[in-house]
There are 2 protein chains.
Amino acid sequence: MSHTPGVRQAQKEKTRRALMDAALRLLEDQSLSSLGLREVTRAVGVAPAAFYRHFRDLSDLGVALVEESLGSLHHMINAILAGQDGDEERIEATVDAVAEHVRGYPAHIRFIARERHGGVRPVRQAIAAELDRFADEVATAFCPQLPAESWPPEDVRMLAELYVDHMVMTATAFLEAQADHPEAADERRVAATARKQMLLISLGRHHWHDA
Amino acid sequence: MSHTPGVRQAQKEKTRRALMDAALRLLEDQSLSSLGLREVTRAVGVAPAAFYRHFRDLSDLGVALVEESLGSLHHMINAILAGQDGDEERIEATVDAVAEHVRGYPAHIRFIARERHGGVRPVRQAIAAELDRFADEVATAFCPQLPAESWPPEDVRMLAELYVDHMVMTATAFLEAQADHPEAADERRVAATARKQMLLISLGRHHWHDA
DNA sequence: AAATTCAGCGAACGGCTGTTTACTGAATGA
DNA sequence: TCATTCAGTAAACAGCCGTTCGCTGAATTT
């Protein structure tokens, strides 16, 4: 059999995960381009040379982290877009979902925010590609809800990009809020601001035909 | 005299600038936390120890770069906000000014985008503080143009933050457009998208009292 | 049971890092 | 004119880095 787990492959996957987890933890207060290969293997407790059994590079590991980090977000968003409730309800659901996701996987979000414009090209490109896919999904989800005569495809795309960028913006704002002081007060303020901003965008969307 | 230039201080300022310029150039394709002190001094052509005559750290140099990078932007924005023209005119002026600034100082913008969420805390904080000042200025500039009864201070602030974040977003979009391919076609597309997004926000702003 | 695969090991390599030290010599001030 | 300041130097320091090598021994296959 080719893809049966087996004791062998199970152990390999285990240390691979350990490497990724250790890297993600170390990346909470430094950027990928300053992360050392030995630093990662030391944190896991394996020899430096063992790293090469799983990744060619640190950028290779970074790309793997990108897929893992944005994969879960992908599922979350589609679930929200499926809900056909009113504007304000969807906005609240979106902001709440983002907040919960940031609370659940802060290291992933921090990694994305940090490396989106970071110093490692392959990782940047992986993030850009994944966010592009995000925008596609948002666009196709919002399309049926918009009057087709005043919303040419490029304008829908424009709206979708604004949504995606605002979500990333909101996520990093949550992150900074919980990093600065762990009280819940700041988080509520960030959520309120994000909701209002989305409401404002939503308002503009409804009056788009005037322009 | 205390602050007359003199040959001595002039030379010192000269190599200080050389260090900052070299760092900025090297930071075009790596992040600050992976930048080496020796790397910078080697690029300038001075001994590594000379660095300490000007900066305590590389983060110290980073903070200096932040002030330089956002200082010029600061002047630009205030000039645009002073213009009391109509909505669309101001939007076009803003996008054009951002585009021109990115074309003029790409390395500064890239540095800000990269280190805004980068791995060096003091630099992150310096950027955050400067962007906060930006939001303050935008808020006080927009305040007299908004009906006071439906725009409490916190909502004005919310709008200002949205504007600032969108400007940063637009600037980095311009940067990536000119990095991917130097043709002007992509730059025009980015500009068109940015204008539409600002118009949409502007539309939402005018109908804010409905909410 | 014998042969093979292969994840992880330990050691070694050259090269680069930040920082300190004592110094030189030109600009400055008395 | 003579003493002082101080930007920049050259050398040395211990320490970490990524990468390569041959090897081991348990899981797998034949």
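Chain identifiers are assigned alphabetically (A, B, ...) following the order of the sequence lines, protein sequences preceding nucleic acid strands; residue numbering begins at 1 within each chain. It should be emphasised that the depicted structure is a prediction, and the values quoted were computed from it without experimental measurement.
- At a non-hydrogen distance threshold of 4.0 Å, nothing from residues 27-35 of chain A comes into contact with DNA chain C.
- Residue contacts shown for R42(B) are limited to sugar-phosphate atoms, with no base heavy atom under 4.0 Å away.
- Taking a 6.0 Å sphere around CD of E28(B), one finds it holds more than 12 heavy atoms contributed by other residues, nucleotides or ligands.
- Contacts between residues 49-56 of chain A and DNA chain C, counted as heavy-atom distances below 4.0 Å, involve A49(A), A50(A), R53(A), H54(A).
- Using a 4.0 Å cut-off, some side-chain N or O of T15(B) falls inside it from OP1 or OP2 of dG8(D).
- The list of salt bridge (Lys or Arg N to Asp or Glu O under 4.0 Å) pairs with a residue in residues 158-173 of chain B, not counting sequence neighbours, reads R116(B)-D165(B), R157(B)-E161(B).
- Per the geometry, CD belonging to Q11(A) stands 10 Å off P belonging to dT28(D), to the nearest Å.
- Around OH of Y105(B), the count of heavy atoms belonging to other residues, nucleotides or ligands within 6.0 Å does not exceed 12.
- A side-chain donor-acceptor contact under 3.5 Å links E137(B) and H74(B).
- Proximity note for R38(B) (side chain, C-beta onward) versus dA7(D), dT19(D), dG18(C): the nearest is dG18(C).
- Look at CD on E13(B): it is 16 Å from C1' on dC6(D), rounded to the nearest Å.
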Every protein N/O lying under 3.5 Å from an N/O of nucleotides 25-27 of chain D:
{"from": "dA27(D)", "atom 1": "O3'", "to": "R8(A)", "atom 2": "N", "distance (Å)": "3.4"}
{"from": "dA27(D)", "atom 1": "N3", "to": "R8(A)", "atom 2": "NH1", "distance (Å)": "3.2"}

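- Other residues, nucleotides and ligands contribute over 12 non-hydrogen atoms within 6.0 Å of the CD atom of E89(A).
- Electrostatic pairing of D21(B) and R17(B) counts as a salt bridge here, judged by a charged N lying under 4.0 Å from a carboxylate O.
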Side-chain donor-acceptor contacts of residues 120-134 of chain B below 3.5 Å, not counting sequence neighbours, with atom names and distances?
{"from": "R124(B)", "atom 1": "NH1", "to": "G118(B)", "atom 2": "O", "distance (Å)": "2.8"}
{"from": "E130(B)", "atom 1": "OE2", "to": "R133(B)", "atom 2": "NH1", "distance (Å)": "2.9"}

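- A donor atom on one side chain and an acceptor atom on the other are not found under 3.5 Å apart for T41(B) and R38(B).
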Which side-chain N or O atoms in residues 52-59 of chain A pair as donor and acceptor under 3.5 Å with protein atoms at least two apart or in another chain?
{"from": "H54(A)", "atom 1": "NE2", "to": "T15(A)", "atom 2": "OG1", "distance (Å)": "3.1"}
{"from": "D57(A)", "atom 1": "OD2", "to": "S59(A)", "atom 2": "OG", "distance (Å)": "3.3"}

